[in-house]
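Computed from a predicted structure; not experimentally measured.
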Amino acid sequence: MTDPNSIPAAAALAGRVAIVTGSTSGIGLGVAHALAAEGATIVVNGLGAADAIAAVCADLARHGTEIVFEDANLLDPAGAAGLVTATLARFGRVDILVNNAGIQHVSPIESFPVEKWDAILALNLSAAFHTIRTAFAPMKAAGFGRIVNIASAHALVASPFKSAYVAAKHGILGLGKTVALEGATHGITCNAICPGYVWTPLVENQIADTAKARGIDRDAVINDVLLAAQTSKRFVTVAEVGALAAFLCGPGGGSVTGAALAMDGGWTAH
């Protein structure tokens, strides 16, 4: 009898090792599921209570691949680099790197807390630099690498009261394009996925701040702010983001590099 948890022989990412940051919830968890379903070993990293993280890893393991958790503090440059070096020490390779971890703060520019600016830039942008910098040489040596940066529609357009987030997401596009050029002859691709609003804890947590900043209620934030520009009038799903990430990391994505791929319900088509 076939083991229902076994990885199909044709799984596109069988034998690959993938780091997915911010993968204990939200988009990162959706990406981790998509990559694990294609056979990749997943290195999970993110926040949460120990029992919750154990449950996440157990659920990911149902795909039949190895799942490990690395407790690295990505706000610290040494922690971000250490996530990659720990993976290399354990598995001897890093084939896929998905930089997803992020935080948000909504505030008018004149009162935007300096410590929030520093933290958002550190996690949403600088952490990606440190993980990529550490993974790049081993990927070059292997002749293969897939780097996916989870950006945002806010990497392409701006919104009021999100100065740090918009700056970081615009920055990660420039970082990714540079990495794509440097990796192009070494079998390494680097792309950015730019989702519109996805229903995640990050979005849920900013609704109250947005309501306060704009002087409106929760329903108005959802309908008149979050989904106002998404022509589809629905939230992007984590499964959709995961599916695109899996494509980019698989055989079909080999010639896609340096791209900013909008999946925003038509937001940036305006």
Side-chain angles (χ1 to χ4, degrees), residues 13 16-23 27-28 31-32 35 40-46 68 70-103 118-152 154-155 165 167-195 241 244-250 253-261:
L13 302 178
R16 300 296 188 190
V17 175
I19 297 172
V20 185
T21 69
S23 49
I27 291 173
V31 170
L35 300 183
T41 293
I42 307 297
V43 178
V44 175
N45 170 263
V68 299
E70 286 289 343
D71 184 18
N73 176 11
L74 302 186
L75 288 168
D76 175 18
L83 173 61
V84 178
T85 56
T87 302
L88 289 166
R90 180 165 188 154
F91 296 106
R93 60 194 298 165
V94 173
D95 303 293
I96 297 166
L97 172 62
V98 181
N99 289 302
N100 166 75
I103 51 176
D118 291 342
I120 289 168
L121 269 290
L123 184 59
N124 294 30
L125 179 57
S126 294
F129 163 76
H130 293 295
T131 57
I132 292 170
R133 179 179 181 273
T134 310
F136 202 76
M139 287 181 174
K140 282 177 69 174
F144 180 91
R146 296 289 180 265
I147 301 168
V148 179
N149 296 320
I150 305 300
S152 166
H154 282 119
Y165 188 82
K169 293 302 185 181
H170 273 65
I172 208 161
L173 287 194
L175 171 64
K177 289 178 181 180
T178 300
V179 172
L181 295 178
E182 294 186 29
T185 59
H186 301 284
I188 302 170
T189 66
C190 184
N191 295 287
I193 297 177
C194 303
V241 181
L244 180 53
F247 169 78
L248 292 172
C249 295
S255 291
V256 184
T257 196
L261 300 162

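- Summarising the geometry of Gly258 relative to Lys177, their closest heavy-atom pair is O-CG, 3.9 Å, with the distance given to 0.1 Å.
- Checked by atom type and distance alone, the side chain of His186 never pairs as donor or acceptor with a backbone atom of Phe144 at under 3.5 Å.
- Scanning both residues, Val20 and Ser23, for their nearest heavy atoms gives O-OG, 2.6 Å.
- Of all heavy-atom pairs spanning Ala245 and Val31, the tightest one is CB-CG1, 4.0 Å.
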Distance-only donor-acceptor pairs under 3.5 Å for side chains of residues 120-127, two or more places apart:
residue	atom	partner	partner atom	Å
Asn124	OD1	Ile103	N	3.0
Asn124	ND2	Ile103	O	3.1

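- Thr134 contributes atom OG1, which lies 8.5 Å from atom CG of Leu88 (distance to the nearest 0.5 angstrom).
- Separation of atoms CD1 (Ile188) and CG (Leu181) is listed at 12.5 Å; rounding is to 0.5 Å.
- When all heavy atoms are compared, the tightest approach of Ala155 to Ala151 is CB-CB, 3.9 Å.
- To the nearest 0.5 Å, atom CG of residue Asp71 and atom CG of residue Leu83 are 10.0 Å apart.
- Heavy atoms only, all atoms of each residue included: Asn149 and Gly176 are closest at ND2-CA, 4.1 Å.
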Checking Val98 against Leu35 for the side-chain contact (heavy atoms from CB on, under 4.5 Å) test, could you report, in this order, the C-alpha distance in whole Å, the side-chain angles of both residues, the deciding distance, and whether it holds? CA-CA 10 Å; Val98 181; Leu35 300 183; 4.1 Å; yes

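- Annotation: the span from Leu173 atom CG to Cys194 atom SG amounts to 5.0 Å, rounded to 0.5 Å.
- In terms of modelled atom types and a separation under 3.5 Å, the side chain of Asn100 and the main chain of Gly22 share a donor-acceptor contact.
- Leu175 contributes atom CG, which lies 12.5 Å from atom CZ of Arg133 (distance to the nearest 0.5 angstrom).
- Remark: side-chain polar atoms of Asp76 are paired, donor with acceptor, to backbone N or O of Ala78 under 3.5 angstrom.
- Rounding to the nearest 0.5 Å places CG of Leu13 at 4.5 Å from CD1 of Ile96.
- The closest donor-acceptor contact from the side chain of Asn191 to the backbone of Leu248 lies at 3.5 Å or more, if one exists at all.
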When you look at Ile19 and Asn45, which way does the side-chain contact (heavy atoms from CB on, under 4.5 Å) test go after all the steps? CA-CA 8 Å; Ile19 297 172; Asn45 170 263; 5.7 Å; no

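- Of all heavy-atom pairs between Thr131 and Ala80, the closest is CG2-O, 3.5 Å.
- None of Arg146, Met139, Arg16 except one satisfies the side-chain contact (heavy atoms from CB on, under 4.5 Å) rule with Val94; the exception is Met139.
- A side-chain contact (heavy atoms from CB on, under 4.5 Å) with Ile150 holds for exactly one of Asn99, Val241, Thr21; it is Val241.
- Within the 4.5 Å cutoff, side-chain heavy atoms of Val148 are placed close to those of Cys249.
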